[in-house]
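Report on the structure given below.
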Amino acid sequence: MIRFFNKPRSLFGKLIFSHLIVVALSMIAIGIFLSYMIENYFITTREWEVTGHARDAAYLIGEDLKKNDLDEVEKTAETLAYSLDAKIRVLDANHIIQFTIDPDAEDDESGREQSEEVGLEEREIEHVFQGNMLTKKVYGPVLQRLLVAAPVLEEEIEEEDPGGVNENEGEEPQVIGAVTLSVPLRGVEETLAYISQLMLYSGGIGVAIATVLAFSLSKTLTRPLQKINRAALDMAAGNFKSKIEEESDDEIGGVVKTFNYSVEQVEKYLEEQKRLEMLRRNLVANVSHELKAPLASVRGFSELMLDGFIDEDEKKKYLKVILDNSVHLSRLVDDLLTLSHLESGQLSLEKQEISVNDLAAWSFDSVSPRGEAKGINLKLDLEPELPALYGDRHRLHEVLVNLLNNAIEYTPPDGEVFLRGKHYQGQVIFEVEDTGCGIPEEELPYIFERFYKVDKSRRRNAQGSGLGLAITKHLVELHGGNIEVESKVGKGSTFRVSLPG
């Protein structure tokens, strides 16, 4: 099968093609409608004009036809035919053509063509001789003609009797003949042809203008899509830096903005994945490191005792070292399990109404022995009438204890650690402040990550798991709160926990 037309495949071609089709169909529809309206208007006007001429001709010819003066009838008909530029036929009462006057006929043709057809059917002739006007179109081999037939009526003689009564009153006028006027619609057809030609030229200009506008609009619409396509191919090749310049605020501009936003999100996601992968590797390394030292200690002292290298009076000391390392390993495993549950969303909270004063006092009392043993001055400062909290009492206690232990760990003897509680703008705020060594500013964004190590002055001893701050941050966020830190090296740190009150 031979295909003479190929459907455009590109969006650019489809847009241009569809615009041209719409314009062409619109022009054709408008042309057909206007042609019909104009033709109907001209023909109606011409019909009204010719009908008036036919009525006048019937009146004038009727004057002579009543007198049976055929010569005068012929002269009148000829005068009217040439003055009106119309073909006139005169029929007598027997429906016989008496005269045919045609200004367009040859000179040698007779004006009395008895055998020529009148152009009306028998029923139409009967309709005219019943006293009615008739109008019809006659389709010739070359031109259309408009034919109007009018009855010739005999005027009634108004004779009144002495009593003033008209004897013929109420009777219909008698039809004594008929007159037909036939005019060519040459002028109408020429006018319609001229208008059609103008419409054709106008349509051509309109299509040309529409083509230019469609080309410009299609380019405007498809250019951003082509850029999106190239950027998507770059993304498929691994280049996630491609962004498209926004050129408009319409729907296409919205698509460009969405694409750029998607590129940014993909880039952030990949960076986050890289960061998480690095954290995972660091976690494995850190866990291995944290487990290695206590396990080596437990194994080493156990082997020494089994081999008999340790005296009986020293075994108790080394057994205590083994116990301390076992407790440290147990805490590390517990913290890892807690952190895993927090990150996976498997940890559920047992929320209830909590007294802020009771929570702070419980946490403060839990760490006081350790602070006193290290020679640190612990202080509790709570605002009066603090509102109640709604949360998990034990998990919030864990948050405060972790922060207090962290402060005690890095505060030298004779230092101070403060636990403050206050209410501000609908938030219950806990502050744990110490006078310790402080944290370098460049390390602050990373201190809540798992096993993150600051400088040597901040390194934990064997009792720490390295997960306390990471667990604390997750627990605070799980309660809908926020944790932040301020620190200056050599002056101390302040951890601030904000919880909805």
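None of these values were measured; they are calculated from a predicted model. One is the number of the first residue; the rest follow in order along the sequence. We use all heavy atoms of the structure for the numbers below, so side chains are in, but hydrogens, waters and symmetry mates are not.
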Shortest non-hydrogen separation from T51 to M133 and the atoms involved = CG2-CE, 3.6 Å

Enter the distance from E47:CD to T44:OG1 here, rounded to the nearest 0.5 Å.
-> 6.5 Å

For the pair Y82 and E78, evaluate side chain to side chain donor-acceptor pair (under 3.5 Å) and give the outcome as yes or no after the intermediate values.
-> CA-CA 6 Å; Y82 281 95; E78 185 174 1; 4.9 Å; no

To the nearest 0.5 Å, how far apart are CD1 in I101 and CG in L181?
-> 12.0 Å

Out of curiosity, L84 CG to D56 CG, how far, rounded to the nearest 0.5 Å?
-> 8.5 Å

For S182, does its backbone N or O pair with a side-chain atom of R145 as donor and acceptor, under 3.5 Å?
-> yes

Of all heavy-atom pairs linking I88 and A77, the shortest is CD1-O, 3.7 Å

List in chain and number order the residues that pass salt bridge (Lys or Arg N to Asp or Glu O under 4.0 Å) with K422, two or more places apart in sequence or in another chain; answer none if no residue qualifies.
-> E431

Could you tell me whether the side chains of Y269 and Q265 share a donor-acceptor contact shorter than 3.5 Å?
-> no

Atom CG in D392, atom NE2 in H397: separation rounded to 0.5 Å?
-> 11.5 Å

Apply side-chain contact (heavy atoms from CB on, under 4.5 Å) to H95 and E126, showing your working.
-> CA-CA 9 Å; H95 305 177; E126 290 294 336; 3.1 Å; yes

State, with a plain yes or no, whether a side-chain heavy atom of N68 is found less than 4.5 Å away from one of L70.
-> yes

Do the side chains of T100 and K87 get nearer than 4.5 Å, heavy atoms only?
-> yes

For the student: nearest non-hydrogen atoms of I354 and L396, plus distance = CD1-CD1, 3.9 Å

State plainly whether the residues E477 and K473 are in salt-bridge range, i.e. N to O under 4.0 Å.
-> yes

Considering residues at least two apart in sequence or located in another chain, which fulfil the side-chain contact (heavy atoms from CB on, under 4.5 Å) criterion with E124?
-> L120, E121, L134, K136

So how far is it from L65 CG to L153 CG, rounded to the nearest 0.5 Å?
-> 11.0 Å

Please check if atom CD in Q273 has more than 12 non-hydrogen atoms from other residues, nucleotides or ligands closer than 6.0 Å.
-> yes

Could you tell me whether the side chain of L469 reaches within less than 4.5 Å of the side chain of L403, counting heavy atoms only?
-> yes

Point-to-point distance, once rounded to the nearest 0.5 Å, from NZ of K488 to CD of E441 = 10.0 Å

Given salt bridge (Lys or Arg N to Asp or Glu O under 4.0 Å), test R46 with E49 step by step and report yes or no.
-> CA-CA 5 Å; R46 186 64 169 157; E49 180 184 4; 3.3 Å; yes

Quick one: closest heavy-atom pair of L499 and G481, and the distance?
-> CD2-CA, 4.1 Å

Side chains of L349 and R395 in contact at under 4.5 Å (non-hydrogen atoms) = yes

Determine the minimum heavy-atom distance between A150 and A58, stating which atoms define it.
-> CB-CB, 4.0 Å

Would you call F129 and L91 a side-chain contact if the rule is heavy atoms closer than 4.5 Å?
-> yes

Is a donor on one side and an acceptor on the other found under 3.5 Å between the side chain of Q352 and the backbone of R393?
-> no

Starting from the C-alpha separation in whole Å, work towards a yes-or-no answer on side-chain contact (heavy atoms from CB on, under 4.5 Å) for L359 and F430.
-> CA-CA 11 Å; L359 175 64; F430 291 104; 4.2 Å; yes

Worked verdict on D85 versus V183 for side-chain contact (heavy atoms from CB on, under 4.5 Å) | CA-CA 7 Å; D85 194 19; V183 296; over 6 Å; no

Closest heavy-atom contact between H423 and L386?
-> N-CD2, 3.7 Å

Are the side chains of F495 and T472 in touch, meaning some heavy atoms are under 4.5 Å apart?
-> no

List the steps and the verdict of side-chain contact (heavy atoms from CB on, under 4.5 Å) for I61 and L80.
-> CA-CA 9 Å; I61 292 174; L80 291 172; 4.2 Å; yes

Between the main-chain N or O of N94 and the side-chain N or O of D92, is there a donor-acceptor pair closer than 3.5 Å?
-> yes

